[in-house]
Amino acid sequence: MTRTRLLEAVLPPVVAMGLAAVLGDLLILSFGESPGAVWALLVKGTWGNAYGIGQVLYKATTLTCTGLAFALAGRAGLFNVGAEGQLAAGGFGAAVTGLLLPASLPAVIAVPLCLLSAMFVGGAVGAVPGALRARFGASEVIVTIMLNFIVLALLNWIVSAKLHLPETLRTPDIAAGNVPRLADAFAMFRGSAVNFTIVFAVAAALVAWWYLFRTRSGYELRAVGLQPEAAEYGGVKVPRVLLLSMALSGALAGLGGVNFVLGYKGYYEEGFAGGAGFLGIAVALVGRNHPFGILAAALLFATLSQGGLAVNAVVPKQLTDILTAAVILSVATAVPEVQKQLRAAAASVTASLTRQRNAQGAST
Amino acid sequence: MMLLAFILQAIRIAVPYLLAAAGGVMSERVGVIALGLEGLMLSGAFGAALGSYYGNSPWAGLLGALVAGTLITSLLAIATIRFRANQVVVGVAINLLVAASTRYFLRLVFDSSSNSPRVPGFGGEGVSNVMLSSFMNPVVWIGLAALPALGWLLYRTPFGLRARAVGEKPEAAATLGVAVNPMRLKGLYLAGALASLGGAYLALDQHQFTDGMTAGRGFIALAAVIFGRWEPVRVAVACLLFAGAETLQIQLQGAQLVPSQFVEMIPYVLTIIALAGVVGRSVAPAALGKSE
Amino acid sequence: TVADTTDGLDVGIVFDVGGRGDKSFNDGAYLGGERAQRELGARVTYIEPGEGSDREAGLRLLAAEGMDLVIGVGFIFTDDVLALAKEYPNVRFANVDMSVPSDSVGNPLPLPSNLRALKFREEEGSFLVGALAALVGKSKKVGFVGGMDIALIHKFEAGYRAGVKHVCPECDVIANYAGVTPEAFRNPGRGKEMALAMYNQGVNVIFHASGSTGLGVFEAARTTGKLAIGVDADQFNEAPGYVLTSMVKGIDASVLAAVRAVKDQQFTGGVQQFGLAENGVGYIYDDNNKALIPVAVRARLDALTADIVAGRIAVPSTREQK
Amino acid sequence: MSAEASRAPAIRMRGVVKTFGGVVANRDASLEVHQGEIHALVGENGAGKSTLMRVLAGLYAPDGGTVEVHGREVTGWKTTEAIAAGVGMVHQHFMLVPTLTVAENVVLGSEPTKGMTIDLHRAVLEVESLCKRCGLHVDPRARIADLTVGEAQRVEILKALYRGAKVLILDEPTAVLSPPEVQELWTVLRALRADGGTVVLITHKLDEVIAVSDNITVMRAGATVSQLATQGTTPRDIARAMVGRDVNLHLDAMGAVRHGTAHGAAATTAGAAPALRVHGLRVMSDRGTVAVNDLSLEIHPGEIVGIAGVEGNGQTELLEAIAGLRTWQSGRIQLGTHDCHGLSVRDRADYGLSHIPEDRHRRGLVLDYSIADNLILGRQHHFATRTGLDRSRIAANAAEQIQRFDIRPPIAHVPARALSGGNQQKIVIAREMGREFTVLLAAQPTRGVDVGAIEFIHEQLRAARNAGKGILLVSADLPEVLALSDRIAVMYGGRFVTILPAADCSAELLGPYMTGAAA
Ligand SMILES: Nc1ncnc2c1ncn2[C@@H]1O[C@H](COP(=O)(O)OP(=O)(O)OP(=O)(O)O)[C@@H](O)[C@H]1O
Ligand SMILES: Nc1ncnc2c1ncn2[C@@H]1O[C@H](COP(=O)(O)OP(=O)(O)OP(=O)(O)O)[C@@H](O)[C@H]1O
Ligand SMILES: [Mg+2]
Ligand SMILES: [Mg+2]
């Protein structure tokens, strides 16, 4: 049983990556370059040195957060397509708190305060579609998409009207609450953007796993996602869970905003969230909505993203963007097919087990 | 005169919305979530530029748009209909795919990361009656006719009855010999064609493809579909309403009564309000998003 | 593959959003790079980053390869270039449109000696095309189409307005922006409609500072038979006959000069200003558009240029200044 | 039609095989039906009846075997071909588009047209005249969503007849009908037969088989096991053929010795405090109509109160209100000494309410959860520690219940989805009855489970009653209600039209109440 489940989790991404590799070869050839050389360059620019690894880890940090955000809502049967806005809002919340706090505040207080604000603001943005879904049955897919536009426009207005440094699209530097770079502790990562937010992201993954699979609330949340009416029958207050899961999901996405704002730049900048929200869907999909799978998938997509830059001088960066989309499409396509096959196999095994037992029961 | 100018401009702005929203209605009425409208439009725009460039005629551009839209629709259809992939995920992926690949092929074909060269399009130079000149563009007429025609198709023809049945209760349609997947496929291809024409309008009106030139119009069209409750005529009104708000902003020129950010929010806010049932319950086709 | 960087002159250029082929800003830098390649024998590597951290990563990639000169195109690179210049003292950096940090009283902070900020006084060029628009437009109304509603673009508007008002105090400037996100720089559909609305209201000349959105402005000029003013590069070819002129920034020249300085081992850090005086900004007057600009107007513009260079006219660079 | 063809049977299916993934639905299924015959197709749940008929109607292509209709081989044909050849099917579950009108549903797929458009006016007229001709009355302009289930059933038959069906397949058509509606259906079918039509009728109600059919085919585990002429066959014969051994059909329990009845009856009259009291209850349906109207009820410890009635008369809403799944307008529900007003589902469960829901696939189980996880559904808060779920206690609970209720396969981590219907129902029974409780709501406890499991479940219910639990039983199966209950209430239009001691009841007596004919 566990084996089929693991197969179900692993098979689609593997198939997808095979397909993506072939597609990638074709695209590279179309540009008159040699696939081998380009792939080598991609690997060298990502996992080939500590800096590249650091960059991959940096990008994976944000993607882990948005991936977890999508997965958590997904486990409750909801599609949070609004991670983009929640991520931006979270980063903005962290920045505002960081700006308001006195510079003298020790990091042990300032950092958690900023983290909490990020999660709170992201969570608040996530709670809106959650509440509308719980109260009115409004499609969270549509509401989150629409809310992305609204939130981004709102943040843009606040920053451009109230908060920006002259001639720029960013807030002033944040005095308190900055998260140290990983390079401060491990010199080899010098220069790369990776920072201790990654620890929070991994911790978030662990907590999410524990929460989903080891707590009563997680049990109820997953039940709502699988069969809301059964959950209701089981004493679960379904609207409350819908709201809760969207708020938690938004909070996780909001946490991702810290990576850029407090960990990397030290200020909020318009447009920093670009793309990371939607990539979170890909991460959750390839990670099969499982926190550990998401950690792995985040690394994969971070590698593709960073790799796109590494090969940029030779082929357009859009190469890896196309591959990313191809991976999503093929995983999304493979999942139901693999599920169907495995489910059929499992059903026949169970049926034969039942029959065996029945036969035994009859003979004794 | 001002009023006329206003109306004409609103109509021009509405054309891509009308076309894409018609595609959205068609797609959702047969049960496929129309999250990929933005991608379909953009592919149509790129196809139009390519077609017009090589065929040296805007009509070849229209053909190019249809080919590109059909190509992307095929991907969408294979994933969602044949393999029953999740429609939300596929929609998002299609948008990413088109955004990335149009730019990739822009580099490959035109050696530019943002613009195609100028291609033949509709609309002449130095036209005497400027206000009416854009109405010499056939796509404008297609756009204006699209939703009413779709309404006729959905409510007056056997195809429409079957399409609605498939989107509401596919099993029921299947038992009466209405083949569900082929129906969905037809609906999707029609939707793809309509949406890609919306993109083609942009490219041919500009005589050029610009990277990301749809600029979120697919999502506004989707908003219109929902705000219009999947009823073609209501959806058309929603498109005109959204276009009207945009026109108002353009016409009020600099007279910044309200920050432009807030004007941009209008379609999205209205849609959320509609979904919350404040302006009447918005009920989607029952089988929307379900692939079995 | 990426250049072998042990010998010869290696230059890396990282583009802003939009990248190559935007027919204005990035293409200016690209042109500079191509000229450096042709005229100075430099090997040039181009990178088009995605969003966020990719900008710094792109610069760093080039710096780490030991390029002789690394150029970031756009104010958005400011912080990254500053940090990297300190980190890689042996690599020279340049930043087009850098927003040089200043101290608490507003004086610019000194830059590292291996970093050159290439700053353009767009407002001066905009002032001239503003005056030109008012003089040629004849309708007491001129238009301005901006891309994203941000300070950098406000600079163009401010100079333009000042130019208009200087020669025609009773003239109206109708200004509008395409949006509030970076999308606003690549929405020609919106640009065309904004321009059509302005032309319809009696505007005869529109100046755009809006990237690809401006392509829609040219399209509107073509349909209506009215005039538009290009930006950054000479945009005559976008709508021959309808482009009154272009407010050009000598990005190519500034890039070329920086490469040349490296080659001649004369590279110095600090802010390099390109205004009218330095021939860094200006407007196009050549065989293509001569016919559109009467001699008297040309003379008036020459006089204004002289006034600005001499400091007799102070051109505002923000909307608040008058 | 040639003489040769007219002698050929209307339907001849031989050796049909159909599998779904790993599940074999039809192994070796055969069926022969002659023209002008009403043929009953019976078999246990999951025997493959619906699948076989769907093959015949062209919805599934068989993996093996042959299908002939009127002597023509049509194996693997399409729905459209089947319809064209006059084969029509009324499905087990409604196949109607709720947002469309009756006429639109009827003509869907074979619309009358005028030029390129549908001629809706003609459609309405045609449906109207069809209604008249075969005595099935519905308003062609009404939307399906506004019809009663009986009316919807008529539309289903109209759909087939509209297409000129000469061979009509009906898959459990009577499950939702009241006795007079059933009689009306028989009239329609007999008229069809008289007209030279052919009918295949799937039903689980053996008295119906006897009443209306000419011949019978029995299926078991995907294969045809016997063919009988109805004349001279008894329900017992059919049942034996269905399960392959003698069964103690609950039909037999009727009027015969009823275990434990004495005890139950005694408790009822003893006047002990009721375990459950419902007073003046008024509940709305999802459609906004009054589903339960001023209803009162008491259940005492040690008795089974059965609710008989045609489905859709408010039973679902009543149980949901008691269980806390639905709010009510007015009235009172009292569980032991606790007033249920404001009590959540969980509170009620903790105060001793157990609930076997009517639809285990929708409500009773989370199909993708393991057996172990399903065995704590609704009780999860009793299996939680401060840091999370107590996995070892969940496992111990699973082991115990699996053994006690003989759930197969006895493997706790298998997802419930992979189990057979009967074993899935056993999970629900085990969870709800394998713990402390005082009141049990049992809705359709044996629906869709095989005869062996029915016996087991009935034993459990009786044992619980004998142990002093109060049980409210709702079943569409009148014989089941008669066999198990101490008192029987008949529910019609949201009210109890009568409550009688079971000993005084019979199907004949209750029938008129169920249709509202008696009150
Ligand atoms: N996508 C995935 N990536 C990596 N590992 C996975 C993935 N899915 C499942 N696993 C592994 O499979 C095992 C079972 O997974 P999971 O925790 O989902 O099981 P579960 O049955 O839901 O948990 P439990 O029974 O404890 O509630 C775990 O050890 C987990 O690490
Ligand atoms: N579409 C399907 N996919 C998978 N399995 C199926 C499908 N349809 C039927 N089955 C399985 O095939 C078997 C036969 O089902 P079928 O519906 O034909 O039985 P039936 O005799 O009609 O039962 P019932 O009396 O409950 O209606 C069952 O085990 C069922 O679960
Ligand atoms: Mg059946
Ligand atoms: Mg059944």
Side-chain angles (χ1 to χ4, degrees), chain A residues 1-5 8 75 77 207 209-241 289 336-362, chain D residues 19-24 221 320 323-325 344-350 355 357 359-370 373-374 376-391 394 406-411 413-420 422-423 428 431 452:
Chain A
M1 222 60 230
T2 357
R3 241 193 71 211
T4 44
R5 244 196 244 185
E8 186 199 315
R75 287 278 178 177
V207 171
W209 177 83
W210 181 262
Y211 172 74
L212 281 172
F213 299 110
R214 289 289 178 274
T215 70
R216 186 184 63 150
S217 179
Y219 172 96
E220 296 184 343
L221 183 146
R222 286 183 296 133
V224 168
L226 291 167
Q227 267 170 259
E229 286 170 315
E232 186 190 19
Y233 158 83
V236 181
K237 299 205 162 100
V238 176
R240 192 183 285 180
V241 171
N289 277 356
E337 197 65 16
V338 169
Q339 249 167 15
K340 197 173 92 185
Q341 302 293 339
L342 292 178
R343 218 172 243 178
S348 64
V349 169
T350 317
S352 72
L353 268 175
T354 313
R355 232 176 291 130
Q356 258 174 35
R357 305 273 173 173
N358 283 346
Q360 280 169 12
Chain D
T19 59
F20 297 100
V23 183
V24 183
E320 286 184 350
L325 294 165
S344 66
V345 174
R346 181 168 301 169
D347 296 336
R348 293 175 209 207
D350 287 345
H355 180 196
D359 186 343
R360 61 174 171 271
H361 276 166
R362 204 166 56 93
R363 277 221 196 267
L365 293 167
V366 178
L367 289 169
D368 285 310
Y369 271 6
S370 64
D373 281 352
N374 269 298
I376 65 164
L377 184 64
R379 319 247 315 133
Q380 58 270 24
H381 51 299
H382 293 295
F383 288 86
T385 63
R386 224 166 344 116
T387 54
L389 288 170
D390 188 339
R391 286 271 145 197
I394 292 173
D406 188 27
I407 296 167
R408 297 174 194 177
I411 306 168
H413 68 253
V414 167
R417 183 184 292 286
L419 268 59
S420 68
N423 279 296
V428 178
R431 182 181 66 216

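Reminder, nothing fancy here: chain letters follow the sequence lines and each chain counts from 1. As the structure is a computational prediction, the values presented were derived from the model and not from experiment.
- Annotation: the span from D:Leu325 atom CG to A:Glu232 atom CD amounts to 5.0 Å, rounded to 0.5 Å.
- A 6.0 Å sphere centred on CZ of D:Arg362 holds more than 12 heavy atoms belonging to other residues, nucleotides or ligands.
- When the candidates D:Asp359, D:Asp406, D:Ile376 are compared by the number of heavy-atom contacts under 4.5 Å with chain A, D:Ile376 comes out ahead.
- To the nearest 0.5 Å, atoms CG (A:Leu226) and CG (D:Asp373) are separated by 10.5 Å.
- Of the two parts of D:Ala349, neither the backbone nor the side chain holds a non-hydrogen atom closer than 4.5 Å to a non-hydrogen atom of chain A.
- Checked for salt-bridge contact, A:Glu229 and D:Arg363 miss the test: no charged N lies under 4.0 Å from a carboxylate O.
- Residues D:Gln380 and A:Gly234 share a closest heavy-atom pair of NE2-O, 3.3 Å.
- Interface check for chain A: of the options D:His361, D:Arg379, D:His355, the most heavy-atom pairs under 4.5 Å are formed by D:His355.
- Among all heavy-atom pairs drawn from D:Leu377 and A:Ala230, the shortest one is CD2-O, 3.8 Å.
- Of the possible donor and acceptor atoms, none in the side chain of A:Trp210 sits under 3.5 Å from a partner among the backbone N and O of D:Gly388.
- When all heavy atoms of D:Val366 and A:Ala223 are compared, the closest pair comes out as CG2-CB, 4.1 Å.
- Smallest separation of non-hydrogen atoms from A:Tyr233 and D:Pro357: OH-CD, 3.6 Å.
- Within the 4.5 Å cutoff, the side chain of A:Arg216 has heavy atoms near those of the D:Leu389 side chain.
- For D:Tyr369 against A:Tyr219, the heavy-atom pair with the smallest separation is OH-O, 2.6 Å.
- For D:Arg346 and A:Glu220, the salt-bridge test passes: some basic side-chain N is under 4.0 Å from an acidic carboxylate O.
- With a threshold of 4.5 angstrom between heavy atoms, D:Arg348 does not approach chain A through any atom at all.
- Counting only heavy atoms from C-beta outward, the side chains of A:Arg214 and D:Arg391 approach each other to under 4.5 Å.
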